[in-house]
2 protein chains.
Amino acid sequence: MATEKNTSFGSSSGSQPLYLRLRDQLWQWIEQQPGGSQFRLPAERELAERFATTRVTLRQALSQLEGEGRIYRSNRRGWFLTPARLQYDPNKDTGFHHYVQEQGLAPRTETLQKSLIEAPPWLAALSGLAPGAPVYQILRRRYVDERAVLVEHNYLNPALCPGLLNQSTDLSIFTLLKERYQLQPAQRQLSMYAQALTGQEAEALGVSPGCAGLFIQRLSRDQQGRFLELDQEYWLHDALTVVVQVTG
Amino acid sequence: MATEKNTSFGSSSGSQPLYLRLRDQLWQWIEQQPGGSQFRLPAERELAERFATTRVTLRQALSQLEGEGRIYRSNRRGWFLTPARLQYDPNKDTGFHHYVQEQGLAPRTETLQKSLIEAPPWLAALSGLAPGAPVYQILRRRYVDERAVLVEHNYLNPALCPGLLNQSTDLSIFTLLKERYQLQPAQRQLSMYAQALTGQEAEALGVSPGCAGLFIQRLSRDQQGRFLELDQEYWLHDALTVVVQVTG
DNA sequence: AAGTGGTCTAGACCACACG
DNA sequence: GTGTGGTCTAGACCACTTT
């Protein structure tokens, strides 16, 4: 039953669908709100009423703004204005804490897990280690201004950095390798692609599954070509701009 | 009215929401379908019936798979299996056609627009040209296996490549610059970030607005540091993996 | 002309966050 | 406990694509 007469579509003129017009109205409204970067949107039901539409359609408009990286949702707490993107050069060897601070923001790293594992086949294939060879695995979550923006899996070669797991990994692993073990990567292969965050990663970042994300992988070797580190990072899509300087 | 008894949530047990279980079932079903890479999914209404749910919920599940880059939609024509991601090194100077063919795929480029414009302020700021200075502008759309995967805006310095607009730009601009003008980029700045495709770009690629995308910008200068080219690419998020090799 | 995806409504319940 | 976001239903119309 429900709908008898459905004004739905071309209702209030304009060739654009309602949710796109709503998106624009919403953004215009948001922009002229005070509150600065920590601005939080009113409840969805309230917004739906204010803009005379359904929650479903309103959420479609909100999702658009989310995809454009303008607003984001935190857990079930509501919608917030997205802070400026972090500039990130995965090729530079200044650690996370360094470049976040350099941009006037507050970094934080949480080590979620550390263990010695046996290299699974995919890791063996990538690294050149023998399948089943011992590998340090570290799982970390990183924050910018107390917003969780990425989870990171690190895999390290114990032959090159014995005892690493006894060190604190709440700062830069790169710094640790350099200062404690005199290790520096000589070759690097970077891969990155856009993909939704699912399961564990979405949960760890407190976002809903299917939230847009950016995956960055970094494979480092030393000067002899030995496997040093594999780094797999799952970022919120709206949290960063990757910047790479190349001269040649 | 409508719903009187709503089994909705924990209905068929399992702690995951229905649309996530649906996503998994759907993917499992898709994987064991014949038809290879050009596989097209049945109509949404049919799928909804087959999996005993609403179209809305089914579409939520489909959107998940879309976000994960497993399926995509073409215009209003339906859902298809996503082909393998293209490997793309924006730092390498082999043109689009070259590396697409190298991966066993069929490239195509369509020049949508060519014109001489006056540098807008943002371009002037980026390039170092004077605001209002003449700049060649080229808009192109590129295909892989007849799937439109990116639109590209090129801005070139006419002082370095006079008459470029009279050449065909349906192949590699890089090759043109190199062979016709003996120009090669010496410095490059790459930026990239994940962002939804909107308005013109979404339309040009035949995807719905808000579809996940990847933006890549490449600023090239010659050995004297003169502005050579600015390249802005809007990719479908599921069409590529960016790979950068770094030695140092 | 038929069918399909795209949009939209008016509800409802659930589970988590917060006071 | 209350409110909020998250999920879900059962429809309907529209516009485009395809037959």
Side-chain angles (χ1 to χ4, degrees), chain A residues 1-23 40-66 71-80 197-198 202-203 206-211, chain B residues 1-23 40-66 71-80 197-198 202-203 206-211:
Chain A
M1 27 234 72
T3 53
E4 301 177 4
K5 195 183 117 198
N6 207 334
T7 23
S8 54
F9 229 50
S11 58
S12 74
S13 87
S15 53
Q16 293 220 64
L18 176 54
Y19 74 91
L20 288 181
R21 281 176 283 143
L22 230 186
R23 171 198 64 181
R40 175 185 175 162
L41 274 74
E44 291 179 2
R45 286 167 178 82
E46 192 187 323
L47 284 173
E49 194 180 7
R50 187 195 302 261
F51 289 93
T53 182
T54 322
R55 246 184 92 208
V56 177
T57 303
L58 172 80
R59 278 169 66 84
Q60 213 178 341
L62 290 171
S63 296
Q64 289 286 318
L65 292 173
E66 183 186 30
I71 61 177
Y72 71 97
R73 41 188 143 176
S74 170
N75 282 318
R76 293 159 167 275
R77 300 196 299 113
W79 295 89
F80 300 83
L197 300 167
T198 60
E203 201 173 347
V207 298
S208 39
C211 179
Chain B
M1 24 232 73
T3 53
E4 301 178 4
K5 195 183 119 198
N6 206 334
T7 22
S8 55
F9 230 50
S11 57
S12 76
S13 87
S15 52
Q16 292 219 60
L18 176 55
Y19 73 93
L20 288 181
R21 279 176 284 142
L22 231 186
R23 172 197 64 181
R40 176 185 174 161
L41 275 72
E44 291 179 0
R45 287 167 177 82
E46 193 187 322
L47 283 173
E49 195 181 4
R50 187 195 301 265
F51 289 92
T53 182
T54 322
R55 246 183 93 209
V56 177
T57 303
L58 172 80
R59 279 169 65 82
Q60 213 177 340
L62 290 171
S63 297
Q64 290 286 317
L65 291 174
E66 183 186 31
I71 62 177
Y72 71 98
R73 42 186 143 180
S74 169
N75 284 318
R76 292 158 169 277
R77 300 196 301 113
W79 295 89
F80 300 84
L197 299 168
T198 61
E203 202 172 347
V207 298
S208 40
C211 178

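Residue numbering restarts at 1 for every chain, and letters A, B, ... go by the order of the sequence lines. Given the structure is predicted, the values throughout are model-derived calculations rather than measurements.
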Nucleotide nearest T53(A) (side chain, heavy atoms from C-beta), chosen from dG6(D), dC8(C), dT9(C): dT9(C)

Sugar-phosphate, base or nothing in reach of R73(A), heavy atoms under 4.0 Å: sugar-phosphate

Of the listed nucleotides dT7(D), dG5(C), dT4(D), the one nearest the side chain of A43(B): dG5(C)

Minimum heavy-atom distance between Q64(A) and G210(B), given as atom pair plus value: OE1-CA, 3.4 Å

Distance, rounded to the nearest Å, where R55(B) contributes CZ and dG5(C) contributes P: 7 Å

Which residue lies more 5' along DNA chain C, comparing T57(A) with S74(B) via nearest heavy atoms: S74(B)

L41(A) CG to dG5(D) P, straight-line distance once rounded to whole Å: 9 Å

Please produce a list of atom pairs where a protein N or O lies less than 3.5 Å from an N or O of nucleotides 16-19 of chain D.
none

Closest to the L18(A) side chain, choosing from dC13(C), dC13(D), dT9(C): dT9(C)

Residues forming a side chain to side chain donor-acceptor pair (under 3.5 Å) with R40(B), sequence neighbours excluded: none

d(CZ, R21(A); C1', dC8(C)) in whole Å: 12 Å

Nucleotide dC8(C), atom P - distance to CZ of R23(A) in whole Å: 12 Å

Euclidean distance, atom CG of residue L62(A) to atom C1' of dG5(D) [Å, nearest integer]: 11 Å

I71(B), L41(B), L22(B) screened by side chain to side chain contact (heavy atoms under 4.5 Å, CB included) with L65(B), the one that passes: I71(B)

Whole-Å distance separating the CZ atom of F51(B) from the C1' atom of dT9(D): 19 Å

Heavy-atom closest pair, residues L20(B) and P209(A): CD1-CG, 3.8 Å

Sugar-phosphate only, base, or nothing, as touched by S208(B) at under 4.0 Å among non-hydrogen atoms: nothing

Partners passing side chain to side chain donor-acceptor pair (under 3.5 Å) against E49(B) (at least two apart in sequence or in another chain): none

Counterpart residues, ring-ring contact (aromatic ring centres under 6.0 Å, His included), relative to Y19(A) (two or more places apart): none

Atom pair distance, as rounded to whole Å: CG in L58(B) and P in dG6(C): 11 Å

Side-chain-base donor-acceptor pair under 3.5 Å for R59(B) and dG5(C): no

Any N/O donor-acceptor pair, R45(B) side-chain to dG3(C) base, under 3.5 Å: no

Results of side chain to side chain donor-acceptor pair (under 3.5 Å) for E44(A) - residues two or more places apart only: R55(A), R59(A), W79(A)

Spacing of L47(A) atom CG relative to dT4(D) atom P, expressed in whole Å: 11 Å

Residue Y19(A), side-chain heavy atoms: nucleotide from dC8(C), dG5(C), dC8(D) that is nearest: dC8(C)

For S208(A), all residues meeting side chain to side chain donor-acceptor pair (under 3.5 Å), sequence neighbours excluded: none

From dG5(D), dT9(D), dT4(C), nucleotide with atom closest to T54(B) side chain: dT9(D)

